[in-house]
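For reference, the structure is listed below as structure tokens.
Lettering of chains follows the sequences in order, A, B, ..., and the numbering in each one begins at 1.
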Amino acid sequence: MASPPRARVRFAPSPTGYLHVGGARTALFNWLFAKHIGGDFLLRIEDTDQTRYDEKALVELVADLKWLGLNWVEGPEVGGPHAPYFQSQRLPLYQEHARKLVDGGHAYPCFCTTERLDQLRETQKRNNLPTSYDRLCRNIPAEAARQRVAAGEKHTVRLKVPFHGDTVFKDFLRGTITYQNRILDDLVLLKTDLFPTYHLANVVDDHYMEITHVLRGDEWIPSTPRHVLLYQAFGWEPPTFVHLPVILGPDGGKLSKRKGAASVGDYRNLGYLPETLINFLALLGWNPGGDEEYMERDRLVEVFSLEKINPKSAVFDEKKLEWLNGQYFLRRDVDYFFPLVKPLWVATGVDGNAFPESYFRTAIGLLKDRSKRLPDFITYGMYFFREPDTYDEKAARKYFGPGSETLLQNLHDSVAALPHFQTADLEALYKETAEKLAVKGGDLIHPTRLAISGIPFGPGLFELMMALGKDTVLRRLNAAAQAVRSGQIRTAVTV
RNA sequence: GGUGUGUUCGUCUAGUGGUUAGGACGCUGCCCUCUCACGGCGGAAGCAGGGGUUCAACUCCCCUACGCACUACCA
């Protein structure tokens, strides 16, 4: 028995917009499958729509895939034995194949205008009839058609779909799917502008690029019988089809920018890590069969399998994504975060040179375990670089009430008098003071935290004081005492 | 309208004829604790409905309902 051919899969996006998470998931499954079985993952750009083509979308698409770490062995930038990988650069190939089909009697030129087609469709719709091309030009004698084409008359090329019988194919996840040929119409293969439609280009390329498994969105299921018919007309063996379920928004509808985030870029901007997105997307419609959820890239590659893909569409749950991101924050170290987070602070106005690198690192170390997204470092960590100009409203009401002025002043004085500004000494000081005043430690700790950070939560107080340094702590304690004294406490609601 | 596809807690899912239907997010009670996170121990919450098949159905079959997709010279 001959050994099966090397598995080859591809992600074939159309550069007409941003990379949607659904598209990213499709790319991911292709990539995981290839990596898992030691096959090839290629990237092919399906830029056959002249009107919707968007250069910027293409650049972003490639950047997003790279950011996710979904590297391809053949495709744009890396080339390969089947180059070019842009369909717009392969036009002669499609035209030649369209001609071949016409010559072989599998396709025919169609001279119908868009207007006629629109009108036809409208009439059919109005009469509650299925919309489909009425095959008018299929009746034109071959010779007459050839002459009109030769004369330069504008036309498309349509596939001759059989009038009777069924077209059957197997979807890897759903089993046998049957379509009656009579409900399939004669699809356009080559457009008036001589560009191929998706159907032609896709089938031709998948064949010549030796694609063995087509993993794509399940919106392609209804087109698959037409593709199968095309494979048959060419006398080619179709690949294995694996139609992936769609990803839905929280409302069960399409995931859209209007309702929040939808693209890979959106989630990157929200402060999610690429590994989080990879892990999360992998779990949307697939699982290893057990309870494992936190899986690094290598682990996913190791356990991924087509069989465990769930054909049911899944809702994108951002809450769970956030939780997962937090799990990654817990496990990644300061070195990992430093280059990601420092620029964020700098972008908000922090002078990157005014603080030593070690200070940034200390702040990151103190903040990362309680953060869930990158912007949390800003939201809950600005006080490392700036005096708190406001105090959390609720906390201020609780800790900066009448009489707290004396307490803050006492705290300031005793910290100032401390011979060694060390975590242990600070802790001992607060314990002593609490006993002396006959109050709980928290009654001292919370006002202090609020005074030095402006917010009622964050790292352990003594570590935080150490990180900020004695001068800063004293200055802020003093400022808070003054604010209380003057009755001018500026507050803000912390998000 | 036609065609196709899907349906286990709110959400992601495990489950392949006999289970107290398991886990995770979220919600929630308690614990840990200087706060917030983290973590630990609990709790509420589910097999869309109806027919079959079978000694036995979440699991197999049929029907209905509902969701989604396609129905372009877009992909």
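Here B:rA72 is the nucleotide among B:rA72, B:rA75, B:rU11 with the atom lying nearest to any side-chain atom of A:Arg121. Candidate nucleotides B:rC12, B:rC34, B:rC73 were compared by shortest atom distance to the side chain of A:Ile445, and B:rC34 ranks first. Among the nucleotides B:rG4, B:rC34, B:rA75, the one closest to the side chain of A:Tyr198 is B:rA75. Distances were taken from every side-chain heavy atom of A:Lys312 (C-beta onward) to each of B:rU7, B:rG2, B:rA75; the shortest belongs to B:rU7. Closest contact between the side chain of A:Tyr179 and the listed nucleotides B:rU3, B:rU35, B:rU11 involves B:rU3. In the set B:rG1, B:rC34, B:rA24, B:rG1 carries the atom at the smallest distance from any side-chain atom of A:Asn128. When distances run from any side-chain atom of A:Arg174 to the nucleotides B:rU11, B:rG6, B:rA75, the shortest one goes to B:rG6.
Scanning all heavy atoms of the two residues, the minimum distance from A:Ala480 to A:Ala451 falls at CB-CB, 3.6 Å.
Note that OG of A:Ser132 is 5.0 Å distant from CG of A:Asp185, once rounded to the nearest 0.5 Å. Atom-to-atom distance recorded for A:Ile445:CD1 and A:Leu450:CG is 13.5 Å, nearest 0.5 angstrom.
Whole-Å rounding puts the A:Leu120 CG to B:rA72 P distance at 10 Å. The distance between atom CD1 of A:Ile309 and atom C1' of B:rU13, rounded to the nearest whole Å, is 15 Å. Atom CZ in A:Phe280 sits roughly 12 Å away from atom C1' in B:rU13 (whole-Å rounding). Atom-to-atom, CG of A:Asp186 to C1' of B:rA72 comes out at 15 Å; the value is rounded to the nearest Å. For A:Leu429 and B:rC34, the CG to C1' distance is 14 Å, given to the nearest whole Å. What separates CZ of A:Arg216 from P of B:rU5 is a distance of 15 Å, to the nearest Å. The interatomic distance linking A:Leu173 (CG) with B:rG6 (C1') rounds to 12 Å, in whole Å. In this structure, NZ of A:Lys368 is placed 15 Å from C1' of B:rC36, rounded to the nearest angstrom.
For A:Thr131, no side-chain nitrogen or oxygen approaches OP1 or OP2 of B:rG1 to under 4.0 Å. The side chain of A:Lys191 contributes an N or O atom lying less than 4.0 Å from OP1 or OP2 of B:rA75. Using a 4.0 Å cut-off, no side-chain N or O of A:Lys398 falls inside it from OP1 or OP2 of B:rU35. Dashed line: the shortest gap from a side-chain N or O of A:Arg158 to OP1 or OP2 of B:rC73 is under 4.0 Å.
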Polar-atom pairs under 3.5 Å, protein N or O versus N or O of nucleotides 44-48 of chain B: list them with distances, or write none.
none

Extract from the structure each pairing of a protein N or O with an N or O of nucleotides 66-69 of chain B at less than 3.5 Å, listing the distance.
none

Close N/O contacts between protein and nucleotides 14-16 of chain B (under 3.5 Å):
{"from": "B:rA14", "atom 1": "OP1", "to": "A:Asn287", "atom 2": "ND2", "distance (Å)": "2.7"}
{"from": "B:rG15", "atom 1": "OP1", "to": "A:Lys308", "atom 2": "NZ", "distance (Å)": "3.1"}

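A:Arg121 meets the salt bridge (Lys or Arg N to Asp or Glu O under 4.0 Å) test with A:Asp118; sequence neighbours excluded. Not counting sequence neighbours, the partners of A:Asn127 by the side-chain contact (heavy atoms from CB on, under 4.5 Å) test are A:Thr123, A:Leu129. Listed by chain and residue number, A:Arg90, A:His97, A:Val204, A:Asp205, A:Tyr208 satisfy the side-chain contact (heavy atoms from CB on, under 4.5 Å) test with A:Leu93 (two or more places apart in sequence, or in another chain). The side-chain contact (heavy atoms from CB on, under 4.5 Å) search around A:Gln89 returns A:Pro84, A:Phe86, not counting sequence neighbours. Under the side-chain contact (heavy atoms from CB on, under 4.5 Å) criterion, A:His106 pairs with A:Leu101, A:Ala233, not counting sequence neighbours.
In terms of modelled atom types and a separation under 3.5 Å, the side chain of A:Arg370 and the main chain of A:Leu366 share a donor-acceptor contact. A donor-acceptor contact shorter than 3.5 Å is absent between the side chain of A:Arg25 and the backbone of A:Ile247.
Taking the centre and axis of the six-membered ring of A:Tyr336, the NZ or CZ atom of A:Arg332 falls inside the cone set by 45° and 6.0 Å. Under a cutoff of 6.0 Å and an axis angle of 45°, A:Arg138 and A:Phe163 form a cation-pi pair. Geometric assessment of A:Arg331 against the ring of A:Tyr294 yields a positive cation-pi assignment under the 6.0 Å and 45° thresholds.
B:rU5 and B:rA45 have their C1' atoms separated by 29 Å, with the value rounded to a whole Å. On the C1' atoms, B:rC9 is 23 Å away from B:rG18, given to the nearest whole Å. For the P atom pair drawn from B:rG51 and B:rG43, the interatomic distance equals 34 Å after rounding to whole Å. Using P as the reference atom, B:rU8 and B:rG67 are 15 Å apart when rounded to the nearest Å. Spacing of P atoms, B:rU11 relative to B:rA48, comes out at 12 Å, to the nearest Å. Taking atom P in both B:rG10 and B:rA44, one finds a spacing of 15 Å when rounded to whole Å. Nucleotides B:rG17 and B:rC47 have their C1' atoms positioned 15 Å apart, rounded to a whole Å. A gap of 16 Å separates the P atoms of B:rA72 and B:rU3, to the nearest Å.
Taking the charged nitrogens against the carboxylate oxygens, A:Lys320 and A:Asp317 have no contact shorter than 4.0 Å, which rules out a salt bridge. Checked for salt-bridge contact, A:Glu46 and A:Arg44 meet the test: a charged N lies under 4.0 Å from a carboxylate O.
Between A:Arg116 and A:Leu136, the closest side-chain pair of non-hydrogen atoms falls below 4.5 Å.
A donor-acceptor contact under 3.5 Å is formed by the side chain of A:Arg370 with the base of B:rC36. Contact annotation: side chain of A:Ser223 to base of B:rC70, donor-acceptor pair absent below 3.5 Å.
Near RNA chain B, meaning a heavy atom under 4.0 Å from it, residues 318-330 of chain A has A:Lys319, A:Lys320, A:Trp323, A:Gln327, A:Leu330 in order of number.
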> When you check every protein heavy atom under 4.0 Å of nucleotides 60-65 of chain B, what one-letter string (B, S, -) results, 5' to 3'?
Replying inline: ------
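Between A:Glu463 and A:Pro130, it is A:Pro130 whose nearest contact on RNA chain B lies nearer the 5' terminus.
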> Step by step, would you call A:Phe280 with A:Tyr272 a ring pair (Phe, Tyr, Trp, His ring centres under 6.0 Å)?
Replying inline: CA-CA 11 Å; A:Phe280 185 74; A:Tyr272 290 101; 8.7 Å; no
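Evaluation of the ring-ring contact (aromatic ring centres under 6.0 Å, His included) test over residues 110-132 of chain A, restricted to residues two or more places apart or in two chains, returns A:Phe111-A:His155. Within the structure, ring-ring contact (aromatic ring centres under 6.0 Å, His included) contacts touching residues 164-189 of chain A (residues at least two apart or in different chains) do not occur.
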